[in-house]
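Worksheet for the structure shown next.
In the text below, chain A, chain B and the rest are named by the order of the sequence lines, each starting its count at 1.
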Amino acid sequence: MKLLQTEKLTRAYGGVMAVNEVDFSAQEGLITGLIGPNGAGKTTLFNNMTGLDIPTEGKVFFDEKEITGFPSHKIARLGIARTFQNIRLFKEMSVIENVMIGRHFMTGESPHKKRLTNMFKSYFFMESEEALMLENAHKWLNFFDMDEFANEDAKNLPYGRQRELEIARALASNPKILFLDEPAAGMNPQETEHLMDTIRKIRDTGVTVVLIEHDMKLVMSICDNITVLNYGQKIAQGTPKEIKNNPLVIEAYLGKEE
Amino acid sequence: MGSLSEFFQHFVNGLTLGGVYALIALGYTMVYGILKFINFAHGDVLMVGAYIGLFVFDALRGSAPLGAWTFIAFFLAMLISMVLTAALGVVIERVAYKPLRKASRLAPLLSAIGVSFILSNSAAWAWGTQSRKLNYPFDNTPFEIGGVVITPHQVLVLVVSILMMVALKVFVDRSRMGKAMRATSLDQDTARLMGINVNVVISLTFAIGSALAAAGGMLIALDFKAYPTMGMMLGLKAFVAAVVGGIGNIGGAMLGGITLGLLETFGVAVFGIPQAMKDTISFAVLIIVLLVRPQGLLGKVVREKV
Amino acid sequence: MVNFFLLILIYSGIYALMAIGQNLITGYTGMLSLCQAGFFAIGSYVTAILATSLGWSLWATLPVAALLSAMFGVLIGLPTLRLKGDYLAIATLGFGEIVRNVLNNWDSLTGGPMGIQRIPMATIFSFTINPYKKWAFLALVILIVVISYYLFERLGRSRMGRALQAIRDDEIAAASMGINVTKYKVWAFAIGASVAGIAGSLQSVFSLSVTPNSYTFMVSIMVLCMVVLGGMGNFAAVILGAFIIQLISYFPQLTGLSSVIPPQFKQILFGLILVVMMIWRPQGIIGVRSYRVGQKKSKAKGAK
Ligand SMILES: Nc1ncnc2c1ncn2[C@@H]1O[C@H](COP(=O)(O)OP(=O)(O)OP(=O)(O)O)[C@@H](O)[C@H]1O
Ligand SMILES: [Mg+2]
């Protein structure tokens with residue numbers, strides 16, 4: 001089943017067609033890769049699917065419902081979480097607090113209704129709720145083997161750990177789908193190797209993953225499906241094997257990757 | 001007086017007011033364009049400029065009667081004030097803002113508010129709180145053209161502000177340094193990589209903005225006197241002008257200044273807004289612009305890249 | 001002398017309330033508001049007007065003052081908070097001046113530049129809190145400051161406090177974690193304004209008269225200094241900041257040097273504090289966040 005889908009999605013910045021009539025889709029329970037040369041429009045496509053940017057034309061569907069133009073906090077509440085190409089942590093907050101933010105909208109009895117009463121409830125009956133949040137946050141830190149950093153300021157973490165923390169924060173919101181924008185950027189080979197295992201583990205918990213990555217080894221080995229963008233347009237879609245042998249893709253990456 | 005000449009009368013009045021707003025607004029907009037930060041102290045820099053001009057003019061003039069010399073003395077005073085105020089602007093940037101370029105977004109704003117407070121209160125301490133008038137360097141008897149009464153002061157304001165804005169526009173568009181400024185405002189890091197000395201560009205921006213503010217301050221002091229807190233309301237209005245035109249956009253600051261000047265004049269004269277509430281007009285304009293067209297008349301919508 | 005010191009403490013308390021509100025707005029949420037004086041004025045005048053013309057007691061006017069300040073907060077917050085933070089600073093600066101403008105000119109309601117005199121003293125049950133007997137008034141102020149401190153400190157530790165800090169650190173990331181950024185900003189702004197309104201009510205029943213001149217931009221700057229000096233994001237530190245700034249402000253009288261020290265001395269010092277703190281100690285003199293999740297509460301208390 002296609003959990004997420006776009007229909008002729010277009011985003012123009014003035015004259016630049018950053019994303020041009022792209023039909024993208026992500027199958028539930030699988031890892032979908034999104035690749036393409038620098039400036040191909042990958043991040044822009046992510047932004048338009050996660051509400052950080054509004055498409056000039058086209059539609060976005062999630063779980064068969066249209067979500068085009070929804071503000072990002074609404075989209076997040078539907079079960080769509082993401083990380084950023086340039087890490088965006090809450091720098092002055094501790095690691096554990098960063099993860100707790102991931103559960104922000106999950107607290108209270110209903111995630112979508114009675115938000116005002118929830119607000120007061122979470123104020124007057126804070127302690128029990130906080131304990132639950134903390135427990136959950138520790139679970140995710142543990143998943144990433146980061147327990148020791150819990151009370152560290154996020155800004156003081158080593159770079160690779162910051163990337164992981166961003167993923168932990170996203171996962172804390174119990175997403176159905178997780179978007180990762182270049183998660184391995186700046187990591188050394190061992191760290192990348194480790195990250196690949198982690199992403200597989202995430203998929204195995206039932207979360208659908210979409211990832212942008214320049215590291216072809218990573219993409220080819222963990223993705224079930226790959227979509228290729230070039231100059232804002234989709235030039236190919238298929239299994240890693242199909243993509244590897246697609247002449248259009250080879251041309252787009254000329255000299256960069258076979 | 002026919003209603004058409006009445007209209008033109010208000011138009012001329014609004015235009016002169018707007019010309020001064022525009023001169024001051026340029027300082028906000030240029031700094032914002034490059035550092036993405038509102039220089040709260042700009043209004044107070046203007047105040048210092050007005051005082052310097054006033055003192056220098058009085059010293060140069062001595063007891064000379066109105067005539068060619070007072071006219072020359074006025075422009076000499078303006079020149080000296082612009083140079084000194086420019087230096088002040090550069091020093092402020094070096095001392096209070098430069099160390100904060102990498103700090104949180106709030107830090108330079110708070111520091112600028114501090115500078116603003118230091119300047120206005122030091123001025124009150126040094127020069128007293130009473131307001132002082134900058135004397136007209138010429139006979140300011142109004143004359144009439146086609147039913148419109150114009151004062152020589154208004155002519156001076158229009159001529160000076162138009163000349164300075166044209167000079168600035170030519171400088172920014174044509175000169176090497178102007179190109180460096182535009183490059184820096186588009187992308188500081190890339191500009192640095194291209195060999196542009198970003199620190200020099202930033203200093204220059206503060207120098208030009210402060211110099212224009214000094215001129216604007218003197219023009220205002222001719223009509224409305226100078227006093228230590230004059231920078232607050234003027235600064236606020238000039239900022240609104242910059243936002244109306246599209247902050248960061250030099251042409252926009254000019255357009256915004258004139259728009260605001262006209263709105264204020266017509267607001268009082270035509271729509272009967274009480275004089276005491278005149279200052280409220282610019283605030284209402286700010287809120288409306290922010291609601292309807294936050295990028296301003298000439299500004300482009302910018303989305304933060306993520 | 002004792003009386004004078006009590007006066008400083010009372011003003012420290014009244015300003016501490018404003019600083020607590022400013023801390024929520026600026027320290028927690030990262031929004032630069034420059035009109036605590038405006039909300040302070042609204043609170044003062046609400047109490048003054050309701051008490052003199054309708055005979056309401058302080059306890060009836062307090063909630064009205066808080067609510068009305070909050071409403072004005074929402075009114076200027078809504079158009080500006082959606083946009084980049086810098087506009088808020090300017091809009092609030094303008095708003096503060098307009099409040100004063102209106103107070104000066106709406107003679108029929110506010111008494112114009114003369115203000116409102118003969119505001120009745122506050123009473124608790126049948127006990128009158130006479131501001132000339134400073135101990136009783138100080139007790140009232142301390143009570144309200146302690147309650148506010150407790151409520152705000154708790155708010156800071158709650159889910160909402162965490163959301164506000166997330167917004168301060170990165171709005172885009174906060175939104176993509178499901179936080180409704182605009183809603184929280186407006187809430188923070190309204191709550192921060194309301195506590196300044198409460199401070200205004202207290203001011204009214206303390207000075208027993210109000211004039212527009214007591215609500216200048218300088219008040220907003222003092223409040224800002226208290227937060228910056230104490231430490232943004234730490235409510236206890238901000239209260240300490242309020243006390244220090246009040247001490248500085250009354251330093252010439254305290255030392256009997258008011259004839260030597262120019263009246264601008266303290267303002268220049270406030271300006272210097274803002275610049276110097278930003279450059280050398282942006283975290284404030286205390287420099288420790290008051291609370292961290294997961295650490296023992298006692299430890300957090302010890303850090304204050
Ligand atoms: N906010 C924006 N304003 C104007 N142009 C933009 C904006 N964001 C992206 N673009 C342009 O859109 C195009 C696609 O950019 P995008 O960041 O989506 O590429 P990308 O595939 O993620 O590249 P990279 O691999 O370098 O991250 C580029 O030409 C870029 O300059
Ligand atoms: Mg990208």
Side-chain angles (χ1 to χ4, degrees), chain B residues 28 32 36-38 40-41 92 95-100 103-126 129 228-229 232-233 235-237 239-240 243 247 274 276-280 282-284 286-292 294 302 304 306, chain C residues 26-27 30-32 34 75-76 78-91 93-95 97-98 101-102 104-106 168-173 176 216-218 220-222 224-225 227-228 232 262-280 282:
Chain B
Y28 280 113
Y32 192 89
K36 304 285 172 285
F37 131 81
I38 298 172
F40 268 96
I92 290 173
V95 174
Y97 306 155
K98 194 173 171 217
L100 299 173
S104 77
R105 197 182 47 76
L106 274 182
L109 280 176
L110 288 168
S111 184
I113 293 171
V115 171
S116 151
F117 225 56
I118 294 171
L119 287 180
S120 60
N121 286 292
S122 303
W125 179 28
T129 51
T229 53
M232 186 162 159
M233 254 306 152
L236 187 67
K237 287 180 186 174
F239 176 79
V240 174
V243 173
I247 191 134
M277 297 303 287
K278 188 176 142 202
D279 292 344
T280 317
S282 51
F283 184 71
L286 176 69
I287 297 289
I288 292 168
V289 168
L290 290 184
L291 278 175
V292 181
V302 267
E304 194 176 346
V306 289
Chain C
T26 309
M31 306 183 287
L32 185 51
L34 296 174
L75 220 61
I76 43 168
L78 275 181
T80 44
L81 290 175
R82 290 182 306 131
L83 304 162
K84 285 246 327 251
D86 308 351
Y87 290 114
L88 182 73
I90 295 290
L93 179 78
F95 175 74
E97 286 306 292
I98 283 173
N101 214 327
V102 170
N104 261 318
N105 289 295
W106 194 352
R168 174 198 64 203
D169 282 359
D170 194 324
E171 278 185 33
I172 289 176
S176 68
T216 56
F217 185 50
M218 151 96 160
S220 298
I221 293 293
M222 276 174 76
L224 199 60
C225 276
V227 173
V228 166
M232 288 191 266
Q264 284 82 20
F265 154 84
K266 59 178 181 185
Q267 281 101 314
I268 296 175
L269 201 58
F270 295 155
L272 277 173
I273 286 176
L274 284 177
V275 178
V276 169
M277 292 297 288
M278 278 307 113
I279 293 175
W280 280 294

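- In this structure, chain C has no heavy atom under 4.5 Å from any part of B/Tyr97.
- Both the backbone and the side chain of B/Leu290 come within less than 4.5 Å of a heavy atom of chain C.
- Of the atoms belonging to C/Glu97, it is side-chain heavy atoms, and not backbone ones, that fall under 4.5 Å from chain B.
- Between B/Phe283 and C/Phe95, the two ring planes are tilted [angle within 30° to 60°].
- For chain B, the nearby parts of C/Pro79 are the backbone and the side chain; heavy atoms of each come within less than 4.5 Å.
- In this structure, chain B has a heavy atom under 4.5 Å from the side chain of C/Leu34, while its backbone stays farther away.
- The part of B/Leu100 that comes within reach of chain C is its side chain, from C-beta onward, which places non-hydrogen atoms under 4.5 angstrom from that chain.
- The greatest number of non-hydrogen atom pairs below 4.5 Å with chain B, out of C/Asn105, C/Leu269, C/Ile221, is found for C/Ile221.
- Note that CG of B/Leu110 is 7.5 Å distant from OG1 of C/Thr26, once rounded to the nearest 0.5 Å.
- The two atoms that bring C/Gly30 and B/Arg105 nearest to each other are O-NH2, 3.1 Å, heavy atoms only.
- With a 4.5 Å cut-off on non-hydrogen atoms, C/Met218 touches chain B through its backbone and its side chain both.
- For B/Pro294, the parts lying near chain C are the backbone and the side chain together; criterion is any non-hydrogen pair under 4.5 Å.
- No part of C/Ile273 comes within reach of chain B, as not one of its non-hydrogen atoms sits under 4.5 angstrom from that chain.
- Contacts of B/Ala124 with chain C are made by both backbone and side-chain atoms, with heavy-atom separations under 4.5 Å.
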Residue pair C/Phe265, B/Asn121: steps toward the side-chain contact (heavy atoms from CB on, under 4.5 Å) verdict: CA-CA 8 Å; C/Phe265 154 84; B/Asn121 286 292; over 6 Å; no
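- For B/Ile288, no part sits under 4.5 Å from any heavy atom of chain C, backbone or side chain.
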side-chain contact (heavy atoms from CB on, under 4.5 Å) evaluation trace for B/Phe117 with C/Leu224: CA-CA 12 Å; B/Phe117 225 56; C/Leu224 199 60; over 6 Å; no
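- Atom CZ of C/Phe217 and atom OG of B/Ser120 lie 8.5 Å apart (nearest 0.5 Å).
- Put simply, the side chain of B/Val243 does not reach to within 4.5 Å of the side chain of C/Ile90, judged on heavy atoms.
- For the pair B/Met232 and C/Leu93, the minimum side-chain heavy-atom distance is below 4.5 Å.
- Heavy atoms of B/Thr129 lying under 4.5 Å from chain C belong exclusively to its side chain.
- Among the candidates B/Gly114, B/Ala112, B/Ala96, B/Ser282, the residue making the largest number of heavy-atom pairs closer than 4.5 Å to chain C is B/Gly114.
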Worked check of side-chain contact (heavy atoms from CB on, under 4.5 Å) between B/Trp125 and C/Ile268: CA-CA 9 Å; B/Trp125 179 28; C/Ile268 296 175; 3.9 Å; yes
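- If you measure heavy-atom distances from C/Leu272 to chain B, the contacts under 4.5 Å come from both the backbone and the side chain.
- For chain C, the nearby parts of B/Leu291 are the backbone and the side chain; heavy atoms of each come within less than 4.5 Å.
- Counting heavy-atom pairs closer than 4.5 Å to chain C, the top-ranked of the candidates B/Val240, B/Ile287, B/Leu119, B/Leu106 is B/Leu106.
- Of the atoms belonging to C/Ile76, it is side-chain heavy atoms, and not backbone ones, that fall under 4.5 Å from chain B.
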